[in-house]
Structures are given as C-alpha cells and as structure tokens.
Amino acid sequence: NVGTRMSMSKFQSGGQRTTLTVLLLGDDGVGKSSLISTFVSRNFSISGVPAVMTRVRLPPDPETKCVTTIVDSPVIDESAFFHSRKPRILDHADSIVLVYDLNREETFRRLETHWLPMIARHYQDELPVILAGNKLDMIPTPDEQSLMRSRQQIVTLMQRFKFVRQFVMCSARELRNMDDLFLKAQQAVLYPISPLYDLDSSRITKACRKALTRIFRLYDKDNDGLLSDSEVASFQTQILNTSWTEKDVVGWKKVVARNNPSEEAVVRDSKFTVAGFLAIFDVFITNKNRLDIPWRVLRRFGYSDDLELTIPPSVTEVEEGNWKLTPSARQFLAAMFHQFDKDNDGVLSPDGITAIFSVHQGPALPPWHPYRAKELFRDCDTTVRMTPMIDPASDLHFSTGDPSISASGVTIMSNLTIPSSLGGSATVISAGSHDPINTESMDFLDWIGHWHMISCISPAVVREELFLLGHLEPKITPSFPPNRKESYRKKSVVPDAVNYSKILLPSEEKRVLVVGGQGCGKTSFIKSLCDGGDDTDPLQTSHTSKAEASNTYIKLKRKNRMVEEEFVVHLIFLELPEKQRDGYFAQINDNTSFDLLLFLFDSTDGASFDTLKTIELAYLSEEVPRVYLATKSDLCDLESSGNLASVVKRALEHCEELDIEPPLVTSAADIANKSGDHRTRTVEHIAKCAIEKARARPHAERKRQEAAHIRSLKWWGGMVAAAVIFSIFWGRNRKNETEDRVGWWKAWFSQPKKIQA
C-alpha cells in the first residue's frame, strides 16, 4: 500500500509525471559513487568518496517540470538473486543505471548472470535500464577487432534483455559522457518506449499509431488523406517550433522511403501518406533514438503516458437547447465521408467506416453501435434504438485486433466471443435507421443522419466523438506560439479545406416525438420507416423501457428566390415508452425537445384513440404541433368493417375540429411489404407536418387569418390616424398662412400717405 501511494504521488492528476528516481546498481568498486559525486560537483575527487553516496535531488526539468532523485546503492546480498522478495533498495526506482568496470571482464559477465536476471525477476521487464561502462580513461586504445567484439556483446545483451534501453561508455575521472548518461536515465522514464514501440515486433504500437493518425487528420487541412509539404511545414512550425526548408522536405521523403516499416506507400503525389507520417516518427524512435520528439508531440495534443487522450472541458460545453451539428462539424463529417469513400460511388463501405473510427483507442465502432451506445448514453434520457435480436445487457466482448465492422458497426463474432444463449456464431446488428444484414454500406445522407440522431440525444457526446476523430471546433482550436524564424511555411500556403456546403443539399433536422398507447404498434411502425431497406421483420419488436431514437430522411422541393431547389429533411423519431409518458407531458408545454408530436393509434381499437385524446386534453396547448396516424390498417378492410371505420371517422372528425391534417391510415406490414412509394408517402407526410408545410398546429389557419385581420386593422387605423393628424396640422398651417396674407394687405393700405407740398 505504501508503494502504491508513493507511485501515485509521482504523477499529477492529468497523468503527467512530477518526480522520478534513478538508482545506480553494480558490483563493488565499479565507480557508482564516483559517478554521482563527479556529476553533481563537476569535479573528480582524488581523495576518494563515501562508499555510498547520499540521495541527490536535481532541479526540475525545464520542459516536464519533473524533479529527479539519484540514489546510490550498497552492496546487495547475493541471496537476493535467489529470493522472490525484492530487495528494499529496488523499491520506488523508476530507472536503473547498471554500472560495470571496463577493465574488469568479470563485472560485465555478472551483468548477464546476476544483475539483469534479478531486475527482470522483480520488475517483469518493465523498468528501463541504462548500461554504463565506467573507467573509460583507464583502458588502452582498443583495436577495431576488440571494438567490434565489445559492440556485439552489448547488442546480444540488449536483445536478450529488452528493458536495456541504452549503453554509455563513460569516465568519472575525465567527466566523459557523464551528462549523457544521466540524461538517458531520465529520458528513459520521461519518454518511455513501451507505449510507443513494440520491441518484439519492431513496430510502432497500435495505440501510438492511432494517436499519431488522429494528429495527422488535424493537420490534413484539405482532407485529402495526405499531408502536403506546406501542411507538414505547418505541423513542424507550430508543434516542434522549428523551421522547415524545401531541402528538409526532400530529405525526409528519401529517409522514410528507405526506412518504411510497413508495406504501404509513404509518399503519394509528392505528399506524405499516413504511413509516411508514421515512418517519420519510426525514424526518430529507432534510428535517431529521439523518443522525446514523439512524446512532445503526443503530450502537446493531450495524450498521457498511457496514451489516453485528455478531453478538454471546452469540447463538451454546449449551450442548452443547441443540439444541432455546427457548420464546421458538418464540413468535417462530409470530408471524412468523401475521403474514405475510396471508389467515389457515394457509398461508404464497411472498411471505410472501420478506417474512420480506427483512431479510437477501443474497437473501431461508430457511436450508434449498440454496444458503444449502451455506454455512451447510459446517463441520457434517450438512447439509440436497439435491434430486438440482441440483448443489450448481454456480455459481448469485441476483439480490438482486427474487427470486421459493417456500415453501422456489424461485427462477425466467433463461437469464442458469443454467449451460448445466442447459439454460437452470430451477427451483431446495429441500431438506428440502418440495419446492415443486406445493406452493408451507408450513403452520405444516412451517414449524416446518424450523427444528427445522436446529437439529438446528447450534443456533448457528439462533440466528444468528433474530437476523438480529429475535429476541433474553431473556437477551441489551440493557439500556438509564433515562430520568428524564416520557415518553409512562409513560402507555401496551407491549402484550405474543401467547402462541401457548396455541393451538398441544404437540410433541416426535425425531432418527432412518437406517442401512443401500449400495443398500438409504435416500434413496428418506426422500424418499418427507418429500416425500410433490409429484410428483417418490422413486427418482431421488444418492450421499450427507455426513450429510443431512430432516424430516416427524405428529399423535398421548395422555392428559394423564385427558383425551385431540392432539400433534405432528416427526421429523428423519439419513441416515448408508456411509463415515462405522464412525467414527460407534465412539462411538455415548456419543453423544446421535439418539433412535431406524432400520435399513433390502433385503427382497430377505439380505446387507443381515446388515450390520445385524453393526453391531448390534459397536457397540450394549441401551440404544440401534432399529427395523427392510424396503424394496423392491414388487419381489417376500412370500407367493410364498421368498427375500423368508426375509429378512423372519429379521428377524422377530431382533426377537422382542430383544423389539422387528417389522420394517415397505414400499417407497418404495408410499408414493409409494398413498394417504396408507400413508405415515401408516409415519410413525406410526416416531414411536411414537421416543417409546417402542412397543417400541424390546431387552428393555425384561423389564427393566421385573425392575426392578418388584426394587422390590417392596425394598418388602416394607423393610416386614418396619420391622415387626421396631417389634416389638422395642414389646416392649422393653412389658416396661419391666410391670416398672414390678409394681414399684409391690410397693413399696406393702412400705411400713412406722404403729403406733397
């Protein structure tokens, strides 16, 4: 427990290390204490140093603000090698400098037979070790053959013990490579290699690839999946604060071409691909031994030592009631769609969706996938509609190795990952408006519609998801310090992102709250509308215990400046379960969580319609837009059944009294079994009511006419009042003017005449 508390105290709350301890180990007489004494005092003591030096605390690192403590070690009892219990001197060490004497061959052999096996046993190959060959000043000038043999011995040792990070030959007497030795010991902790690089496979780790790919997207300004010279220069200047010349560009392209660890192309159309961007960091890690470079980049973008991305609070701050996607978010989603639509057919393939979400630290699943949605929207009032074939509470585990994901997150699982209750191998079906059993792809409107849907559920979750994908809202874009140096960026202009708003259809997003009595067919109806393209039976439904969201869309036409244009209406259906109905409607007149109320009633059951009338009378004002729809029309002929006719007739009379659109009579089975025209007409009817191109507000026309009449009366009243005021004013001025003329005439004749002599 004490060790755990001390380990935790070495880190800040954000995962940044604040302290580290460097421990020196080695045989007696190899010069451990002299190394510490000389490094601190910058002077070699000829008179000798204590057998064990006291702890030395160094000033904080200027970049990481981490304080380093150097600890000397006494001679460790040989029995510690055979005991499973770790020697106390090894407690709390973060890195080890393992010292041997270059003049004593036996001290080097004991590295392999004693010290390194003991460290491996007690630290499970996780503690970084720096080998230090001390007393370099006392060995004669070696020949080439001796150097090669010594170098091969070190390589063999490092290959066997993967936690050995570096090898340094040094001299305490001559202060040779002293700074480099302790700097490497610090950097082995401050810039650990294991999160970045897999030493067994000799490749960048999956978590690091995901993080760097996300950073790549942030600087791919034109969203073409490539980094141009100017985009790389912008990254170099803003993040590493160094200049970038044209010669550097050419040089790096040659370097990554020679050191490409993958089979993918690193340069295409004279631009860096994602593989090329990763290859640059591979060179820094393996060839240049500059682990500080990738860590500086990753930490600049909010990644912890475990490569967990810290999400700033400003990302999820959303104004209350502002649920719609921002223009920049739509631009980003459009860019992602077109970038990963590799064949440019207007359809996003399953592989394309996997690639988009590949930067997630977990499985590459979209947020509307049932098993991601279950966690993402756990605390929300609404969740994504789950397909009835899957139990959301079942414990299914995804393999993050190479998931096979369909357009909406379908994963084909093996018998090892599917519970026996599901019968072994099964297909996990997505939620929402896209069921990928037969349609394993998404067009753009379906893609953007899903984002509108989850934004309706939780705008904060959507902004967090977009941030994880590599999108920054303009107001939260981090500011970078200016670089006064002349850079290649000044000679090249970073390309602007493609403005997809010029080629995409205008759209409106409307939330439709679906309400009806139990058994009226709400879920089946919504499923038939939103999953119209698959082969599943819409009548196979399960009980709804929480409000669920689904979506679909339709294209309509309207006149804009006397020109007819096409636009899209995205409909987001929110199905309200019966148990939440009373509490929800108690505050519905003050609620702005929907744009249209869809009343569903069973056309064969009069009580179903009476339930809606009761709700309407008890809770709704005339300002709430609504539309009635009769379901289950396939169960009885409208013209031959008096019962059915009476229910629909009552609803028709009620709608006429409210002066709203008459009830649409349909059924989930008809929508699923008939041609697409039946579904289109139903969706079009609801969409027109949602955008108020059809009568949805009770007595809206009468109120409009009354308001127009009142405006007309006010206008005419104003005109009459203005005329009266003008007449009075004009008459008064006229009277004054007449009096002035008459007074002048009288005054002229009343003047005294001069008498001539």
Side-chain angles (χ1 to χ4, degrees), residues 63 165-166 184 187 191-193 195-199 201-301 303 307 339 355 358-359 470 478 480-497:
E63 181 178 346
R165 299 288 187 260
Q166 300 285 334
K184 290 183 183 301
Q187 290 185 339
Y191 310 114
I193 191 173
L196 306 182
Y197 200 79
D198 187 347
L199 295 172
S201 63
S202 299
R203 292 175 62 90
I204 294 178
T205 63
K206 181 180 296 184
C208 185
R209 290 202 306 270
K210 290 182 176 184
L212 293 176
T213 301
R214 176 181 173 273
I215 296 172
F216 176 95
R217 291 182 183 178
L218 291 172
Y219 279 85
D220 181 17
K221 299 301 183 182
D222 54 1
N223 297 302
D224 62 349
L226 302 170
L227 284 188
S228 64
D229 296 350
S230 56
E231 288 171 336
V232 176
S234 176
F235 168 81
Q236 181 85 358
T237 304
Q238 294 179 351
I239 302 304
L240 301 178
N241 201 28
T242 57
S243 61
W244 183 265
T245 65
E246 188 171 2
K247 184 178 179 180
D248 295 329
V249 176
V250 176
W252 269 109
K253 289 178 181 178
K254 292 180 179 179
V255 169
V256 297
R258 291 195 305 265
N259 298 273
N260 181 16
S262 67
E263 298 179 356
E264 302 178 42
V266 293
V267 177
R268 188 169 65 246
D269 299 333
S270 298
K271 299 179 181 180
F272 287 97
T273 63
V274 174
F277 188 69
L278 295 177
I280 294 176
F281 290 94
D282 190 277
V283 170
F284 278 119
I285 295 172
T286 58
N287 292 7
K288 295 181 177 295
N289 196 26
R290 291 293 306 276
L291 293 173
D292 58 310
I293 297 296
W295 274 117
R296 283 170 58 190
V297 172
L298 291 167
R299 287 166 179 164
R300 181 68 180 272
F301 285 94
Y303 287 92
L307 295 185
Q339 178 182 333
S358 63
V359 296
F480 302 103
N483 184 13
R484 298 180 180 180
K485 298 181 181 180
E486 183 68 22
S487 67
Y488 180 61
R489 183 175 62 91
K490 296 181 180 179
K491 302 177 183 179
S492 303
V493 178
V494 177
D496 294 329

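These numbers come from a predicted model, not from an experiment.
One distance of note links CZ of Phe272 with CG of Asp220; it measures 13.5 Å at 0.5 Å rounding. Rounding to the nearest 0.5 angstrom, the gap separating the CD atom in Gln236 from the OG atom in Ser234 is 10.5 Å. Annotation: the span from Lys206 atom NZ to Ser358 atom OG amounts to 10.5 Å, rounded to 0.5 Å. Between Ile215 atom CD1 and Leu298 atom CG the span is 5.0 Å, to the nearest 0.5 Å. The CD1 atom of Ile285 lies 5.0 Å from the CG atom of Leu196; values are rounded to the nearest 0.5 Å. Interatomic distance, CG of Leu291 versus NZ of Lys184, reported as 9.5 Å (0.5 Å rounding).
Residues satisfying the side chain to side chain contact (heavy atoms under 4.5 Å, CB included) criterion with Leu199, sequence neighbours excluded, are Lys162, Arg165, Ile193, Tyr197. In terms of the side-chain hydrogen bond (donor to acceptor under 3.5 Å, both in side chains) criterion, residue partners of Arg290 (sequence neighbours excluded) are, by chain and number, Asp292. Every side-chain hydrogen bond (donor to acceptor under 3.5 Å, both in side chains) that Lys271 has, sequence neighbours left out, goes to Asp224. Qualifying salt bridge (charged side-chain N to carboxylate O under 4.0 Å, His left out) partners for Arg296, counting only residues two or more places apart in sequence or in other chains: Glu63. The side-chain hydrogen bond (donor to acceptor under 3.5 Å, both in side chains) check on Ser201 picks up Asp198, with sequence neighbours excluded. Residues satisfying the side-chain hydrogen bond (donor to acceptor under 3.5 Å, both in side chains) criterion with Gln187, sequence neighbours excluded, are absent altogether.
In plain terms, the two heavy atoms of Pro195 and Cys208 that are nearest each other are O-CB, 3.9 Å. Between Ile239 and Arg300, the closest heavy-atom pair is O-NH1, 3.6 Å.
No donor-acceptor distance shorter than 3.5 angstrom exists from the side chain of Lys221 to the backbone of Glu231, with no hydrogens or angles considered.
In this structure the side chain of Trp295 reaches within 4.5 angstrom of the side chain of Pro192, judged on heavy atoms.
Judged purely by distance below 3.5 Å, without hydrogens or angles, the side chains of Asn289 and Gln166 pair a donor atom with an acceptor atom.
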List, one per line, each side-chain donor-acceptor pair under 3.5 Å for residues 273-284, sequence neighbours excluded.
residue: Thr273; atom: OG1; partner: Ala265; partner atom: O; Å: 2.5
residue: Thr273; atom: OG1; partner: Val266; partner atom: O; Å: 3.3
residue: Thr273; atom: OG1; partner: Ala275; partner atom: N; Å: 3.4
residue: Thr273; atom: OG1; partner: Gly276; partner atom: N; Å: 3.1
residue: Asp282; atom: OD1; partner: Thr286; partner atom: OG1; Å: 3.4

| request: Run the numbers on Phe301 and Leu218 for side-chain contact (heavy atoms from CB on, under 4.5 Å), then give the verdict. | output: CA-CA 10 Å; Phe301 285 94; Leu218 291 172; 3.5 Å; yes
